[in-house]
Structure formats: C-alpha cells, structure tokens
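Everything below concerns the one structure shown next.
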Amino acid sequence: MKKTLVFYKPKYADLAIKLRDNYRAHDHEETDIVSVEEHDDIEFAEKMQYDEAVFIEDSDTVTFHDIKSGYTNRLPVSDLFYNDQKPDSLEAVTSRAALNILADAISDVGSWWCWHVGNDMLQLEFCDVQLYDETKAEEETHTTDVLAVRFYGHVFAVFLDDLNDENWHERFRDDDSILYPVDTYDMAFNDKKEAESLLKDYRNLIPVKNFKGAETLVTAKNILCARCNEVGFIVGGNEIEIVGKRGKYTEEEIEPLSRKWWEYWKDYWRLRGTRDALPKDYACEVTIPVDKEDPQGNW
C-alpha cells in the first residue's frame, strides 16, 4: 500500500482534510497532510519515505508526484477523490451471529479510532480487535490492529457526549493520536432498544449525517451503537461491510477468525514467561485468564 503526503496552503486546510479522509476511507490508511508553512518540497516527502506527494494548488487543482518514478501531473481535485457509491463487489454482512461476534471482538478491549462520512457511505475504524490477523508474520502479534465497519445506502450518524466541547468529534476525526476505548461489551448491532437508551444516557447529541431523532432508528435497516465512557455513537445504513488491511471480510470468516484469536490468546498465556513466549500483545495482556497466577492451568 502506498504512502501519500498531501501538502496544502492554510486556506485549503479543509480540502486537505477531506482528501486525506477520502483516501483513508478507501484503504489508503497511510495518508497524511502537512502545511506548506512547515514543509513545501518533494525532498521532505522522500525523506519521510512517502511514495506519493500531492500539492493542493487551489480549490480545483492539484499537482501529483510519484516519488520513485519522478512522474508528475497536474489534475483536477475531483480526479483524486474516490467515489463513495456502493461498490459492485460489496461483501455485505447480514448474519446476526456474525455481527454479535464482531461486536464482542471490537468491544472487549478495543477502541474507537477514526470516522469518515462520504456522500452515501459512513465508516468507523476500531483498533485492537480480537480477530486473528493471518497476514502477519509468525513472529508478530496476531491481533487485528485496525478494522473498519462501513455502511452504505441511507447512512446516518449521531455522536453523543457528556463533554463541554462541541467540536470534540472534529478534532477526533483529524487527530490519529486520539482513541476512545469502547466500554467492555457495550457495543451492539441492530439493537434499537440499546440505541434508544444511548440517546437518553448522554447530555449532548451531535447529528453528523441524516439523523432526525428516534424516528431515524425506527426505519433504519442496520444500526451500530456503543458507549465509550464520556462519548458514544449511533450509526447505520442499509448495508454493512467489514474491511481491514487484508481487504474485505465475508460474514463466514468472522467466527473462525474470532475462534482462532482465542486459541492464540491461550497459547500466548500458556507460553508467557517461557523462552518460547510470544511477542507482547496489548489485547492479550489485558484479557487475562481467570487465574492469572496459573496461566498454564485449565481453561
């Protein structure tokens, strides 16, 4: 996957953020932005090991550079944005069992990490997800680092909080260092009663996309909601798609990858403290056996 750096003039900061979020929402997670007041040359992008550099010239035009080949082209801004229409290859997840497993895999020790809204697509990203990542080398940890839940078709979103900060959600969207840990097992798919409860439990509501109160929940085809201590969210749409760095997940893959993660967790604690110990894994460390004094005992 290519790393992209977007250079922008201060007056085009909003456009840079939209372009970055659009890239990240379409499997280009390693996309960053930098003001030309800080850096304004290709050498900086090359030094930081980016593969591509994009200079926003004005509200309609960008200059694109492929750093390795030296290819340069001047393009309309619109040519760089990915289309948010529902793709023909959508791997929709509809199984209630698979969605329940996924909610537990995210909310046991995971955190809400990022969000993006397009024309008719909405994406939330979560980290430290208890699904086994088969793409990693044997000597690496095998917890899924980042997983995206996407909704397509009649999407909506409302964010909730007990903060004294009406712009927290915008800073959260724009700052990769912010995480909101999900309350343990307090995430649910397609539970309208839980979603209605969340609406009442938080002091502030921020309608982000097409949210018209409780009536939106009544007509929603699919819903995802969660508490994250001082903040929360309720989002939804017609179709659900699960995407990670390895690509799209089918609903048939979710249960086996969850089961394989728990086998990995058992091995992690069985070998912990021995010369064959597995690499330290945050998700395993905070999900300890009932008897942590005897992690190699009966399960």
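Quick caveat, the model's predicted, so the values are computed rather than measured.
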Flag, side chain of [X] to backbone of [Y], donor-acceptor distance under 3.5 Å:
X	Y	value
Asn210	Val155	yes
Thr274	Leu271	yes
Asp40	Phe7	no
Asp162	Arg203	yes
Tyr264	His142	yes
Glu251	Ser95	yes
Glu38	Ser35	no
Asp58	Thr61	yes
Asp183	Asp186	no

Quick one: closest heavy-atom pair of [X] and [Y], and the distance?
X	Y	answer
Cys127	Leu179	SG-CD2, 3.7 Å
Val235	Ala157	CG1-CB, 3.7 Å
Gly236	Phe151	C-CD2, 3.6 Å
Arg272	Ala277	CA-CB, 4.3 Å
Lys221	Asn190	O-OD1, 4.0 Å
Ile234	Ala195	CD1-O, 3.3 Å

Do the side chains of [X] and [Y] join up, straight or via other hydrophobic residues, at under 4.5 Å, putting them in one cluster?
X	Y	result
Tyr23	Tyr8	yes
Leu122	Val208	yes
Ile101	Tyr249	yes
Leu163	Leu199	no
Ile67	Val54	no

Under a 4.0 Å N-O cut-off, is there an ion pair linking [X] with [Y]?
X	Y	result
Glu125	Arg24	no
Lys136	Asp145	yes
Asp267	Arg270	yes

Please walk me through it: do Phe189 and Arg96 pass side-chain contact (heavy atoms from CB on, under 4.5 Å)?
-> CA-CA 8 Å; Phe189 283 93; Arg96 177 175 289 276; over 6 Å; no

Kindly determine whether Asp51 and Glu30 satisfy side-chain contact (heavy atoms from CB on, under 4.5 Å), including the steps that lead there.
-> CA-CA 10 Å; Asp51 304 296; Glu30 294 188 274; over 6 Å; no

Got [X] and [Y] here, is their nearest side-chain heavy-atom distance under 4.5 Å?
X	Y	result
Met48	Leu5	no
Tyr202	Arg227	yes
Asp108	Thr184	yes
Trp115	His169	yes
Tyr152	Asn238	no
Leu217	Phe156	yes
Tyr180	Ser111	no
Phe55	His65	yes

Applying side-chain contact (heavy atoms from CB on, under 4.5 Å) between Ile242 and each of Leu131, Thr250, Val129, Val93, report the one that passes.
->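 With Ile242 as partner, side-chain contact (heavy atoms from CB on, under 4.5 Å) holds for just one option, Val93.
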
Roughly how far, to the nearest 0.5 Å, is [atom2] of [Y] from [atom1] of [X]?
X	Y	atom1	atom2	value
Asn119	Lys209	CG	NZ	6.0 Å
Lys192	Ile223	NZ	CD1	5.5 Å
Trp269	Thr287	CH2	OG1	9.0 Å
Ile33	Thr4	CD1	OG1	13.0 Å
Thr94	Asn222	OG1	CG	8.5 Å
Met187	Leu99	CE	CG	11.5 Å

Do Tyr268 and Glu285 meet the criterion of a side-chain donor-acceptor pair at a distance under 3.5 Å?
->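 Yes, a side-chain donor-acceptor pair sits under 3.5 Å.
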
Hey, mind stepping through Trp112 and Phe172 against ring pair (Phe, Tyr, Trp, His ring centres under 6.0 Å) and telling me if it holds?
-> CA-CA 10 Å; Trp112 182 21; Phe172 174 43; 4.7 Å; yes

